[in-house]
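Notes follow once the structure below has been shown.
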Amino acid sequence: MLDPGPHVDPMVPVLATVTRRWQDLPDVVTFEIEAPGWSGFAPGQFNMLSVFGVGEIPISISGPVSDPGRIVHTIRDVGPVSKALANLPEGAVIGLRGPYGVPWPVERALGRDVVVVAGGLGLAPVRPILYELIENRLDYGKVTLLYGARSPRDMLFATELAEWRSRLDIGVEVTVDRATEAWHGHVGVVTSLLAGADFDPAATTAFVCGPEIMMRFGANGLTDAGVAPGDIFLSMERNMQCAIGLCGHCQLGPVFVCKDGPVFDWARLKPLMAVKEL
Amino acid sequence: MSASGQDRAKSTRPVVLDRAGLEGLIAALAAEGREVIGPVRRDGAIVHEPISGVDDLPRGWVDEQSGGQYRLRREGEALFGITHGPQGWKRILHPPKETLWSVETGAAPKITAPPPDDTRRAFLGVRPCDLAAIAIQDKVFLDGPFRDPRYGSRRENLFLVAVNCTRSAATCFCTSMGTRPEAGAGYDIVLTELEGETFLASSGSVAGQDILAALPTRPADDMHLASAEAGIERAADQQRHLDIDGLPDLLKSNPDHPRWDEVASRCLNCANCTMVCPTCFCTTLDEVSTLDGTGAAREQRWASCFTTEFSHVHGGAVRPGARARYRQWMTHKLATWVDQFDTLGCTGCGRCISWCPVGIDITQEAAMIRGEGGER
């Protein structure tokens, strides 16, 4: 958590500087920023990033927890603020509040099999989990990453995916919705990869992140395979203006996604997600 | 009472205060450097504005409220004959619009937050429902893991003079919500208006006790106490009813009840109910740039869950349907608020009924979900 220091008002950001930036995909950028007083985060947490004169949005942290000085964000330019963020040059100064939110409970996976299911840009919020699993590989059982992208061209972190795939101690399966001629891999939704994955459902902790419909199918697929709903974790997206439970926008029935989440277990989420337009 | 002053609260034997005493109370609060804000008649409604004396109060007026209706008319001589106006006190404690911070952009940006609003204020004439609403917003803004320091500062500097109700509007249902026309706690001083511009007065805090001790008062006798009690009972008897027994679970387990479609067919999605609700707290942030592009400011304004933009995420609104938006508002007030803040989010003030252009009545909607008929 940021040192509150003079910033007693949680709505006032600190100034942060973009130090490195690279283009992952035509519409996706990853950058590193530096912020005074930053003392690290937990996997699955997010920051509120401001572009002055444009606005503020929540963005999950996609870098490693083990390097607490680095703040890494991966952003797809879909709205006015994310577009402005994605277009920022190195050296740009932005506003930062955070980190916020309930993290992925990676510690609950110690000694167990781990299945990470990610769709599209949902790979970014789970990347800190993968870094943790790889760094402390012996602390976990079988580790499986199932990733789905729209097409081979939309594959996020392709270099890292290839590295992880080449390892003998992680199972990585990738699928696309629409193949190209050069594509030799799976075609279909990411949940179709579950059937071929090697894990012991009774001793598995699963982390699922992606579009809401993909997460619903993913969680149901895992449950069908025998994983307990309380061992399946999802990261929810809702409109967030404050990130601290005061603006009201992110309510999902009884919970505030910003402060009670964004990570929830499926036992808690399933009844809420079963209600249309909750 | 300040938000932290509850533990010092002391209740004293009630005293009787006449018009000169009330004038003295306003003067004493002003002498403490407080802005005294009370009910004032303006534009055919009751609003909360600074007052300098008893003459500013709406003497001899009462309000008539019903679904989609609010009228003031002459009746009697009471100083506090009116129940409440369209706006609660949140308009002052949690303003409709405030600047959170501004930034000078350029090579070395600088962020400046406005100083906290430490104006010392006294609210005079806070109805028990609105006192309850302030207590609910205290929980929302001050008791969570993150505090709203702007609300906190205004709240810390506040003195509260409650006035018990001896008359209810037809839209009132505070008794159903456990609030009652008689203030329970949270005030510095509470008044009950008796006949002939006299008041029964008690203190609820040390600060209130000190102020009251310096005013011209006389001990209350049994007649005064009986008269105040009769007035409060009369107000309670004039109310409509909302059965809250098991209501949170009932609403949460009926998201697909056909009544949501029915109410959505009448609801205009105008957001009036959320604007007049004294507990609704939601806000939206706006980014405002200076014309010359050298600066920007982050502004916070009241938001309403009745708009589609409220739930907007990439890909569209989470609640595009009117039925889902009405369901969100009512279920939040009467059910999920309990999960979030350990209290219902409704005080029974009935403003949402009066100020609904089509007269949607939350008590009736709840009764219909429960499966009761349309008769009340």
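The shown structure was predicted, so the numbers you read here are calculated from the model rather than taken from an experiment. To find a chain, count down the sequence lines: A is the first, B the second, and so on, and within it residues start at 1.
Closest of all the heavy-atom pairs between B/Phe146 and A/Pro10 is CD2-CB, 4.1 Å. Taking each heavy atom of B/Thr336 and A/Pro254 in turn, the nearest pair found is CG2-N, 3.6 Å. For A/Gly248 against B/Cys282, the heavy-atom pair with the smallest separation is CA-SG, 3.5 Å. Shortest non-hydrogen contact noted between B/Leu100 and A/Val12 is O-CG2, 4.3 Å.
Chosen from B/Val318, B/Asp339, B/Asp148, B/Val140, the residue pairing most often with chain A at heavy-atom distances under 4.5 Å is B/Val318. Ranked by heavy-atom pairs under 4.5 Å with chain A, the list B/Gln328, B/Glu309, B/Arg327 is led by B/Arg327. Residue with the most contacts toward chain A among B/Ala324, B/Ala335, B/Pro320: B/Pro320 (heavy-atom pairs, distance under 4.5 Å). Between chain A and the options B/Pro145, B/Cys280, B/Gly321, heavy-atom pairs under 4.5 Å are most frequent for B/Gly321. With respect to chain A, the highest number of heavy-atom pairs below 4.5 Å among B/Gly152, B/Pro149, B/Gly315, B/Cys305 belongs to B/Pro149. The choice from A/Gln251, A/Glu237, A/Met11 that makes the most heavy-atom pairs within less than 4.5 Å of chain B is A/Gln251.
Using a distance-only test at 3.5 Å, with no hydrogens or angles considered, a donor-acceptor pair links the side chain of A/Asn239 to the main chain of B/His312.
Looking only at side-chain heavy atoms (C-beta outward), A/Leu246 and B/Phe141 come within less than 4.5 Å of each other.
In this structure, chain A has a heavy atom under 4.5 Å from the side chain of B/Val103, while its backbone stays farther away. Proximity to chain B is absent for every atom of A/Val81, based on heavy atoms less than 4.5 angstrom apart. Contacts between A/Glu212 and chain B at a heavy-atom distance below 4.5 Å are absent for every atom of the residue. Residue B/Tyr151: no heavy atom, backbone or side chain, is found under 4.5 Å from chain A. Only the side chain of B/Ser289 comes within contact range of chain A, with heavy atoms under 4.5 Å apart. Contacts between B/Arg323 and chain A at a heavy-atom distance below 4.5 Å are absent for every atom of the residue. For a residue to count as touching a neighbouring chain, one of its non-hydrogen atoms must lie under 4.5 Å from one of that chain's; by this rule B/Pro109 touches chain A with backbone and side chain alike. Proximity to chain A (any heavy atom under 4.5 Å) is shown, for B/Pro116, by neither the backbone nor the side chain.
For residues 246-255 of chain B, the interface with chain A (any heavy-atom pair closer than 4.5 Å) comprises B/Pro255, sorted by residue number. For residues 256-278 of chain A, heavy-atom neighbours of chain B at less than 4.5 Å comprise A/Phe256, A/Lys259, A/Val275, A/Lys276, A/Glu277, A/Leu278, sorted by residue number. Using non-hydrogen atoms only and a strict 4.5 Å limit, the part of residues 292-304 of chain B facing chain A consists of B/Ala296, B/Arg298, B/Ala303. Residues of residues 267-278 of chain B never come within less than 4.5 angstrom of chain A, heavy atom to heavy atom.
The distance from atom SG of A/Cys250 to atom CZ of B/Phe310, rounded to the nearest 0.5 Å, is 8.5 Å. A/Gln241 contributes atom CD, which lies 4.5 Å from atom OG1 of B/Thr284 (distance to the nearest 0.5 angstrom).
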Show, in sequence, the C-alpha distance, side-chain angles and deciding distance for B/Ser311 and A/His249, and conclude whether the side chain to side chain donor-acceptor pair (under 3.5 Å) test is met.
CA-CA 6 Å; B/Ser311 64; A/His249 286 260; over 6 Å; no

Under the side chain to side chain contact (heavy atoms under 4.5 Å, CB included) criterion, do A/Phe52 and B/Ile111 qualify, and how do the steps go?
CA-CA 10 Å; A/Phe52 301 128; B/Ile111 295 176; 4.1 Å; yes

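Taking a 6.0 Å sphere around CZ of A/Phe217, one finds it holds 12 or fewer heavy atoms contributed by other residues, nucleotides or ligands.
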